[in-house]
Number of protein chains: 2
Amino acid sequence: MFLSTSHNKIDLKCRVSIPASFRMNLEKLKEPLILFKSLQFPCIEGTTLTRMQRYINAIDELDALSDDAFLLRMMMADSFEIKFDINGRVVIPDILMSFASLTSKAVFMGIGESFYIWSPSEYENQYNKSQKILNEKGPPKLILKKNE
Amino acid sequence: MFLSTSHNKIDLKCRVSIPASFRMNLEKLKEPLILFKSLQFPCIEGTTLTRMQRYINAIDELDALSDDAFLLRMMMADSFEIKFDINGRVVIPDILMSFASLTSKAVFMGIGESFYIWSPSEYENQYNKSQKILNEKGPPKLILKKNE
DNA sequence: TGGGATAACATGGGATTTTATGGTAGTCAA
DNA sequence: TTGACTACCATAAAATCCCATGTTATCCCA
C-alpha cells in the first residue's frame, strides 16, 4: 500500500527518486510501475501494471464507440511503464512533466492503491482547498467495513 | 501491452520508426505486426496477428449478408502484415498513408492491446475532444471499481 | 540516554548503450 | 536499364546505466 507524503528533487534530466517505501511496496508485489495523467487533478498518478491492465480489459467489455471507452483509450495513451535505475530513481516523461507543471520539485502523496505526484504549488492549492471544505462542512461521514 | 504516446518522423520513402517499447512488446509476444484502417477514426491501427484474427472472427459472427459485415470486410481488406528493417522501421503502405492523411510526421498512441498512428493534426483533434468530454462528463465510472 | 558507527537514501555527474533517422548499395521485376 | 523495393551502414541525439558523494536515518553499545 502507498502511504505518507514526501518531497523530492527533480534534476535536469527529469530524474526523481521514488520514496523508498513506495519502491518497497512495488518490489514486494513484484509489479512494474505505471505513471499516467490523473483524470481528476493536474497531477501524475502512479500505480501497478496489474491495476492498469484491469482498465484495458474493461475497454473490451464496453461499447467500443462509447465516450467511456474513448476516454479510457486516451488514458492508456498517456500512461508510461517506468523503469527504475539502480538508485531507485525514475525519469518522468516530458508529457507528464508539463501536464503536472513539474519543474524542480515533486510532492509524493500515497493514497492506498496508488499515489500522486504533484508540483509543490498545485499540491498546496489542493491542500488548502480540502482544508477549507473540512472547516466549512466538517469531516465526511466514513463508514468502515470489516476486513473480508 | 502498448502504452504511451510519441511523435516520430516519416521520411520520403514512407519509412517510420515504430517506438522501441511497442517493438519490444511485439517481440516478447513473438507476434507479427498488422497495420489496418481504423474502423472508427481516420487513423491507422496497429496490432498483433492474433488480435486481428479475433476481429475477423467477430465479423463472421455477424449476419454474413448484412451491410455491416460487408463494410467491415472492406475495411479489413486493407490490412497489411508489416516487416521491420534492422533499425526497427517499417514502410507504411500508400493506402494507409492517404487514409490517415499522413505526410511527414506520425503520432503513435498506445491504447493497450493495440495502437493508433495519427497525423499530428488529427491527433490534436482527438485529444481536445477527450478533454472536452472529461470536463463535461467527468471520468469513466469503472475507474472507481475496487480490486477483484 | 547519548553518541559514534553503520546502513539506507537521495542526488550529481559522466560513461555507455539505445534509438531515431538519413543515406547508400544491392536486388528483382517490368 | 530504369524504377521500386529491400537490406544494411553511419551518425547524432537521447535514454540508460552505474559510480561517487553528501545527507539523513537507524542501530548498537557504553
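Hydrogens, waters and symmetry mates are skipped; everything else that's a heavy atom, side chains included, is used.
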**Q.** Between CD on residue B:Q40 and CE on residue B:M75, distance to nearest 0.5 Å
**A.**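 Reported value, rounded in 0.5 Å steps: 10.0 Å.
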Measure from [atom1] on [X] to [atom2] on [N] and round the result to the nearest Å.
X     : N      : atom1 : atom2 : value
B:I86 : C:dT21 : CD1   : P     : 18 Å
B:R89 : C:dG23 : CZ    : P     : 11 Å
A:D85 : C:dC9  : CG    : P     : 14 Å

Q) Is there a residue in residues 95-123 of chain B whose heavy atoms reach under 4.0 Å of DNA chain D, and which residues are they? A)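 By residue number: none to list.
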(Q) Which residues in residues 7-25 of chain B have a heavy atom closer than 4.0 Å to any atom of DNA chain D? (A)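 Contacts with DNA chain D under 4.0 Å: B:K13, B:R15.
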(Q) Please identify the 5'-most and 3'-most nucleotides of DNA chain D with any atom under 4.0 angstrom from a heavy atom of chain A. (A)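 Contact boundaries, 5' end first: D:dT16 to D:dA20.
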Q) Is there a donor-acceptor contact under 3.5 Å linking the side chains of A:T50 and A:E31? A)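 A:E31 and A:T50 do have a side-chain donor-acceptor pair below 3.5 Å.
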Q: Report yes or no: do B:S101 and B:E122 form a side-chain donor-acceptor pair below 3.5 Å?
A: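 No, no side-chain donor-acceptor contact under 3.5 Å.
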Centroid separation [X] to [Y] less than 6.0 Å:
X      : Y      : answer
B:Y116 : B:F41  : yes
A:F2   : A:F108 : no
B:F80  : B:F36  : no

Q. C:dT19 base to B:N87 side chain: any donor-acceptor pair below 3.5 Å?
A.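 Looking at the base of C:dT19, it does not pair with any donor or acceptor on the side chain of B:N87 (distance under 3.5 Å).
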(Q) With a sphere of 6.0 Å drawn around CG of A:N57, does it hold more than 12 non-hydrogen atoms of other residues, nucleotides or ligands? (A)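 Count over threshold, so yes.
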Salt bridge flag under 4.0 Å for residues [X] and [Y]:
X      : Y     : value
B:R73  : B:D60 : yes
B:K141 : A:D68 : no
A:E113 : A:R51 : yes

